[in-house]
Amino acid sequence: MIESGTLFIVATPIGNLEDITHRALRTLKEVDLVAAEDTRHSQKLLQHYSISTRLISLHDHNEIQRSKQLIEKLNQGERIALISDAGTPLISDPGYGFVNQCRLAGINVVPLPGPCAAITALCAAGLATDKFKFEGFLPVKTMAKQQTLQKLLTETMTTVFYESPRRVVDTIKQTIAELGPQREMVIAKELTKTFETFYSGTAEACLDWLEADVNHQRGEFVLMVAGEKPSQTDVSSEALNLLKLLMNELPLKKAAAVTAEQYGLKKNKLYQLGLDL
Ligand code: SAM
């Protein structure tokens with residue numbers, strides 16, 4: 001039997017209903033209450049597994065007020081599970097404020113790991129996974145989106161985004177504008193579902209693939225942008241030596257700028273090379 005007065009953060013499937021753990025199902029059965037983003041949506045999941053636990057809504061618009069009510073219940077010893085529409089709660093989903101308040105109130109919070117679209121996409125994309133950056137959804141406004149993408153110019157880690165089907169073409173166009181057509185990317189769509197697809201190629205090739213067929217633009221998307229690989233071979237040994245020499249005397253930004261000027265190279269590339277050195 002599970003401990004009283006505990007909040008369980010329960011990951012649920014992102015498509016394929018078989019992707020749910022034994023522990024998650026047992027917990028959803030045994031708790032007193034399941035807090036869900038959209039109760040009608042989650043009711044279907046519970047019904048599929050013949051779980052009759054009561055559902056209560058917790059979404060972006062009622063999180064503050066609902067958290068207070070649920071914390072009272074937890075303090076009275078009730079056991080509550082938090083789920084979202086799909087995947088891991090709090091990952092581009094509601095629940096942060098609630099969990100934060102529970103921790104501050106000294107309530108036991110127990111995570112039950114399971115599906116997450118970002119990790120599911122990353123582990124099969126064939127891009128570097130030793131370090132990666134998760135950006136969630138890109139900003140919708142053009143300027144803010146540009147600024148976020150510009151930061152990837154010198155980013156050496158793989159970056160993972162969530163994107164809606166309505167914006168995916170525009171986002172890849174902006175990626176090409178900010179990072180160039182040759183940056184490597186992977187599009188992962190409809191993960192764990194019938195039409196699961198991975199498409200890898202340059203940003204330009206990704207755009208061509210999306211535009212080749214409107215069906216390619218439908219569904220749920222995870223976009224991954226490969227890290228920039230500064231190759232020392234593009235930079236002559238003279239330039240490299242100057243950079244090293246200047247780095248002893250100047251801040252890296254300045255050293256990179258002077259070397260770039262001297263040898264007609266890109267500042268950003270030299271800056272990244274300096275960091276690697
Ligand atoms: N909490 C979820 C998780 O753990 O991945 C993410 C919720 S977020 C509101 C929804 C976004 O996740 C979608 O717009 C899409 O970008 C991504 N996503 C969710 N399920 C997916 C799937 N089956 N295939 C591809 N992307 C998915």
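Each ligand, and each atom within it, is numbered from 1 in the order the structure gives.
- Partners of E63 by salt bridge (charged side-chain N to carboxylate O under 4.0 Å, His left out), not counting sequence neighbours: none found.
- Under a hydrophobic clustering in which Ile, Leu, Val, Met, Phe, Trp and Tyr are joined whenever their side-chain heavy atoms come within less than 4.5 Å, directly or via other members, I51 and I2 fall into the same cluster.
- With sequence neighbours excluded, the residues that form a ring pair (Phe, Tyr, Trp, His ring centres under 6.0 Å) with Y162 are F134, F137.
- Among all heavy-atom pairs drawn from D85 and H41, the shortest one is O-NE2, 2.9 Å.
- Residues with a heavy atom under 4.0 Å from ligand 1: I14, A86, G87, T88, I91, S92, D93, C116, A117, F137, Y162, E163, E190, L191, K193, E220, F221, V222.
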Inset, instruction - Start with the C-alpha distance between E163 and T171, add both sets of side-chain angles, then the distance that settles side-chain hydrogen bond (donor to acceptor under 3.5 Å, both in side chains), and finish with yes or no. - result: CA-CA 8 Å; E163 192 48 284; T171 293; 2.7 Å; yes
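- Under the ring pair (Phe, Tyr, Trp, His ring centres under 6.0 Å) criterion, Y49 pairs with no residue at all, not counting sequence neighbours.
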